[in-house]
Amino acid sequence: MKRLNLWIISHPVLVMAGILGITVILISQIPKLVIDTSAEGLMVEKDPSKVYYEEVKRKFGSDNLTILLVKADDVFTTPVLGLVQWMTAELLNTPGVSRVESLTTVNNIKDDEGMLNTEPLIGDEIPSDPAEIERIRKDAHANLIFLGNVVSKDGRAAAINIYTETGPGDKEFNARFSGRVEEMIRQEAARNIPGVTDIYQIGGPITKVTFSQFIQADQINLVPISLVVLFVILYLSFRMLQGVLLPIVTGLLSVAWGLGMMAWANIPVNVVTAIIPSILISIGFTEDTHMISKYHQNLQKGLSKLDAIRDMAFHSAIPILVATSTTALGFASLITCDITMLIQFGYASSMALLGSFLVTICVVPTFLQLMPVPKRIRKLSLEDESSEGFVPRLMTGIGTFVCGHKRGIVIAALILVGVSLAGLSRLKVNSDFISYFPENSFIRQRTKDLHHQMSGALNFYIVVETGKAGGAREPAALGHVEGLQKFLDGTGKIDKTVSLADYLKKLNREMNNGDPNFDHVPPTADLVEQYIMLLGHKDLTKYIDADYSTANIIVRHNVTSSWELSALLKQVDGYVAEHFPKDLQVRYSGEGILINNAADYMAVNSATGFSTTFIVIGLIHAFLFMSIGAGFLSMVPSLVPILFNYGMMGLFGIPLNTGTCMIASITLGVTVDNTIHHMIRYSDELKAHHDQKAAMFATLRSVGKPITYISLALAGGFFIMVFSNFVPTRQFGMLSALVMLVALVTELFITPILMGSVRLLTIWDMVLLKMDPERLRQATIFQNFSKWEIRKITLLGVLQELGTEEFIIHQGDIDAAMYMVLVGRLRVSIRENGHERILKKLSPGDIFGEMSVVEETTKRTADVIADEPAEVLRIDRAALDRLRRRFPYTGAKLFLNLARILSERLKDMTQSTAARPR
Amino acid sequence: MNGRWLLAFLLCFAAVPAHAADAPLTGRQIIDQMSDRHEAPAEFEFQTMTLVDKAGNQEVREVRRYSLKDKDGQFRYLIVFLSPAGVKGVALLTWQHKQTEDDQWMYLPAFGDKLKRIAKGGKKNYFMGTDYTFEDLVSEDRDQFKYERKADETVDGKDHFVVEMTPLDKASAEESGYKKRMLWIQKDIFYTVRTDYYDKSDKLAKRQTFTDLQNVAEQMWRAQSAQMDNFKDQHKTRIKIGKRSLKAADVPDGNFQHRYITSGKHAR
């Protein structure tokens with residue numbers, strides 16, 4: 001990794017050319033990118049209900065309903081009915097339309113002075129005779145199937161119900177169809193038909209098209225604004241062009257790469273994958289900011305530009321790799337879920353993140369090399385450290401506060417977690433399509449209006465299966481269908497239901513001269529069969545299947561939240577369980593039902609997917625920090641804000657939807673990134689300071705700045721999403737902005753406490769340890785030790801690097817640590833009359849300072865000074881205590897060896913004393 | 001005026017009808033010829049009717065069909081369903097009238113022992129879930145239509161007249177469910193082998209084809225199978241003739257009385 005970084009730094013032109021080349025190739029793919037507005041992606045993949053839905057569609061036709069509503073002072077006038085007729089005829093000739101129902105298509109079964117009339121309600125020509133118009137009005141009002149379906153009860157609105165069937169893979173259908181309908185509406189509106197007050201369409205196709213337009217509008221309007229906000233905040237923080245320009249460049253490149261890769265992999269832009277550019281920019285720029293911040297600190301320390309870049313690249317390589325790969329892994333874990341859109345998001349986001357990683361490690365060092373050192377830095381570097389800016393001073397303040405209020409902070413955090421958990425239990429899930437649109441959008445307005453005027457634009461099927469051919473013609477089965485319809489009407493949530501029973505009841509009544517006493521399901525199966533033959537089975541295919549085994553109830557409603565719909569279906573289940581015989585199976589189907597199913601999966605998926613991701617990242621960190629505890633503590637700064645978010649959602653009734661369920665992933669991406677930088681820096685500082693408190697302050701001062709900037713900028717950027725066209729995106733914007741701030745507080749207040757409680761040593765420290773285990777094994781201290789035990793012990797220690805003539809122990813100091821030489825040579829000496837007397841030479845494998853771990857408060861008896869650059873391992877008494885507790889066997893061996901060394905020393909001393917002439 | 005000239009003038013006129021005999025037939029003449037050749041005063045058929053939906057699901061029914069010309073030259077029709085069991089005995093009785101509306105009754109045995117009168121103008125409705133409207137099943141009043149001959153066509157090696165049939169006036173247009181019909185009439189036997197039905201918006205809605213032609217009497221032909229393709233509903237109705245009789249004895253007048261039906265004899 002570091003070698004790769006070095007290579008990148010030494011070949012800036014080649015790297016830039018490579019990056020540009022890939023960018024050009026990927027950008028050329030972008031035109032292939034498709035925007036997917038089908039609701040299919042919201043559904044559960046391999047959902048058995050999907051197979052059933054296809055079967056139901058084959059039997060009862062498409063449930064894809066568009067309603068064209070004509071509002072007028074009075075629908076029953078020649079011009080308005082003419083308009084309905086013209087539009088109906090036009091729609092019947094529109095490709096993809098499988099069925100049209102309106103005042104001008106319906107047959108009006110009625111008693112005509114003892115005769116049965118099965119004529120259409122309105123003939124081929126709209127009558128101009130007022131008496132005939134009145135006849136139509138009267139007939140329409142007398143037919144309950146028509147009311148709320150093709151005409152409103154008050155006669156002020158007429159609906160044309162259009163069922164469409166999309167050809168397989170025809171992604172343009174919705175746009176084409178709703179466009180055609182819109183054109184017809186414009187044409188008619190231009191004619192200014194007297195009495196017509198409004199004409200509009202609502203339903204699946206227009207909703208999905210608007211959805212797509214909103215996605216695009218969001219991308220075009222919001223993403224740039226949010227970028228501007230992000231960069232303005234960033235500029236205000238850094239007050240340097242560099243700090244803004246670089247994230248812009250890498251951000252744009254990452255987005256271009258991400259979209260290019262999506263196009264190449266045939267992943268469409270949908271409501272979920274549309275968030276990817278924002279994620280790329282936010283995470284990408286988190287990295288950039290950490291890197292630039294480190295670079296500036298290096299410059300301030302007085303390093304040359306190239307050295308500063310090198311050092312930055314060295315120190316950021318590992319955290320960036322770790323953070324990116326863990327976040328990518330986190331997103332990739334969505335691949336295992338069942339919702340198509342989230343699976344696509346899993347693939348696209350993890351791919352795009354890896355691309356963004358490449359862009360970052362290639363572009364940042366290269367760009368910094370090409371750009372001049374910012375003036376501000378040059379100026380600052382000349383000044384004293386103490387005149388550092390507001391943020392470092394704030395960080396020092398925070399550090400002091402944290403040190404003084406550890407217990408209080410932990411309690412506050414626990415209370416927050418507790419409240420969040422309580423809220424979490426009240427979290428609801430919503431996957432409903434309509435609820436994505438804000439209340440004031442025309443989609444919601446029309447949906448509501450239609451619901452008031454006629455019946456809701458949403459629909460689903462209730463399928464009643466008898467399991468035997470002809471079973472659905474049995475009066476008993478039809479009676480159950482009728483009972484269920486009555487029950488549905490009684491719930492107050494359903495606007496309209498239509499079934500075969502309605503047609504049969506109407507026919508039965510009219511056959512009996514319109515006597516309302518006969519408004520019931522025919523009493524015998526034969527009569528049902530004969531009635532169906534009279535009505536014509538092919539006109540009843542929406543209500544009964546080919547072998548008459550299954551009946552279908554078309555349900556129109558306006559329930560736009562998953563939990564309400566689920567509750568309603570549960571209510572229906574209850575009714576069915578109580579009233580239906582065992583041999584009648586009741587099932588629900590329709591696009592709305594499938595999307596609703598996704599709600600449950602979304603909840604389960606979010607929970608399991610997220611915990612899996614969480615655990616996986618935690619384990620990776622545990623491995624990296626060589627400690628399960630450290631691994632999981634590293635996740636706390638992510639967990640607290642995420643829990644807070646979902647807890648607040650539960651408390652304030654904001655549902656989990658495709659927007660808000662993203663917050664966990666994004667928060668995780670950003671906070672893991674910050675925490676990794678934080679922890680690794682801390683571990684570095686610890687090596688330098690040998691003191692936890694000092695290391696914490698140093699870490700806060702150095703990483704605190706970028707973390708604060710990042711969190712504020714992201715909060716600002718995300719907040720702009722509040723102006724989105726979509727409710728979930730608005731909620732996403734609001735909450736993630738808030739969560740970024742909570743994450744910032746957690747990172748600054750809780751992470752230091754957590755880090756103080758565990759030993760931080762990274763696996764790469766160990767791997768990079770310049771020690772020779774074979775040689776170490778020959779050292780007395782490691783006698784009878786396995787290689788693994790040696791590693792365990794070295795990991796307990798703190799690695800310290802020494803320059804030539806640097807002191808590691810001062811004579812007279814009191815502390816409790818022993819040291820082992822890993823690299824280089826050192827000498828033990830005492831000062832006598834201002835002269836140095838060398839007592840002993842130390843080489844790798846040698847132990848010194850061991851007395852202090854055996855006996856407390858022993859003053860150091862000699863100085864230990866490095867003869868050349870050296871590395872020593874410092875093991876303090878606390879570490880040895882831990883070893884003794886956790887690995888008693890190894891501990892015992894170590895202490896035995898220590899005793900051997902001490903006795904060896906004693907022997908030496910005795911001999912030298914004995915040898916000394918008296 | 002010169003007598004010779006007068007003669008020549010008269011001869012000219014006389015030549016007109018002489019030419020006319022050889023002149024191409026008009027649409028109406030073709031239809032009249034067809035009607036003269038194939039119309040039977042009494043007819044009985046046993047049919048198997050198969051309804052096929054979009055998905056290929058089939059529903060099979062057995063039907064008896066009687067038609068009888070009355071003394072006014074008007075027809076009476078009786079259609080009786082024999083199977084499936086649930087619809088056995090369902091019947092539709094029609095009395096055509098020259099000047100007034102036709103009379104039509106429906107009989108549903110499960111409804112009760114009475115015929116239910118169908119209100120006027122039921123002609124355009126599909127008949128018992130088939131793709132035939134009642135209009136398609138009866139012979140039309142030729143005086144209410146215009147028959148325009150179109151260019152002849154050769155189909156499967158046989159020559160056909162092509163005639164376009166449109167309602168003559170507004171009243172008959174309102175009564176008909178179609179804007180026009182196109183008929184393909186096989187020239188050698190003057191028998192219609194195909195009819196295309198165009199709906200009010202002039203869109204091809206249905207097509208009926210007649211196959212398996214048989215010579216049943218001197219110049220009289222009958223198709224043993226017919227199929228009505230309903231393009232609008234993606235549905236079709238196939239009819240196969242099992243038994244046919246043109247003997248008056250097989251179509252007694254009493255069959256067209258209510259009592260024949262209410263007594264249940266019609267379905268025996």
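The analysis underlying the following values was restricted to heavy atoms, covering all of them including side chains, and did not include hydrogens, waters or symmetry mates. In what follows, chains carry the letters A, B, and so on, assigned in the order in which the sequence lines appear, proteins first and then strands, with residues in each chain numbered from 1.
Using a 4.5 Å cut-off between heavy atoms, A:Y548 touches chain B through its side chain atoms alone. The contact between B:K170 and chain A is made entirely by side chain atoms (from C-beta outward), counting heavy-atom distances below 4.5 Å. Within the 4.5 angstrom heavy-atom criterion, no atom of B:F127 approaches chain A. Contact of A:N117 with chain B is made through backbone and side chain together, with heavy-atom distances under 4.5 Å. Of the two parts of A:D111, only the side chain, counted from C-beta on, holds a non-hydrogen atom closer than 4.5 Å to a non-hydrogen atom of chain B. Looking at B:Q58, there are no atoms closer than 4.5 Å to chain A (heavy atoms on both sides), in backbone or side chain. Looking at B:V87, the atoms closer than 4.5 Å to chain A (heavy atoms on both sides) sit in the backbone and in the side chain alike.
If you tally non-hydrogen atom pairs under 4.5 Å between each of B:M106, B:H235, B:K116, B:E174 and chain A, the highest count goes to B:K116. For the set B:N230, B:D233, B:D199, the entry with the most heavy-atom pairs within less than 4.5 Å of chain A is B:D233. Most heavy-atom pairs under 4.5 Å with chain A, from the set B:L92, B:D131, B:L51, B:D53: that is B:D131. Most heavy-atom pairs under 4.5 Å with chain B: of the set A:D539, A:N93, A:V528, A:D112, this distinction falls to A:N93. Counting heavy-atom pairs closer than 4.5 Å to chain A, the top-ranked of the candidates B:K232, B:K88, B:K54, B:R61 is B:R61.
In plain terms, the two heavy atoms of B:T262 and B:Y107 that are nearest each other are O-OH, 4.2 Å. What you find for A:N508 and A:N512 is that their closest heavy atoms are O-ND2, 2.8 Å.
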Donor-acceptor pairs under 3.5 angstrom involving side-chain atoms of residues 125-132 of chain A: please list them, not counting sequence neighbours.
residue, atom, partner, partner atom, Å
A:D129, OD1, A:A131, N, 3.1
A:E132, OE2, A:R135, NE, 3.3
A:E132, OE2, A:R135, NH2, 2.6

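Open room surrounds NZ on B:K146; 12 or fewer heavy atoms of other groups in view lie less than 6.0 Å from it. By the neighbour-count criterion of 12 heavy atoms within 6.0 Å, atom CD of A:E183 is densely surrounded, having more than that number from other residues, nucleotides or ligands. More than 12 heavy atoms of other residues, nucleotides or ligands shown are found within 6.0 angstrom of NZ on A:K59.
Between B:W95 and B:H258, the two ring planes are tilted [angle within 30° to 60°].
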**Asked** Please walk me through it: do B:Y66 and B:F44 pass ring pair (Phe, Tyr, Trp, His ring centres under 6.0 Å)?
**Response** CA-CA 5 Å; B:Y66 303 87; B:F44 159 75; 5.1 Å; yes

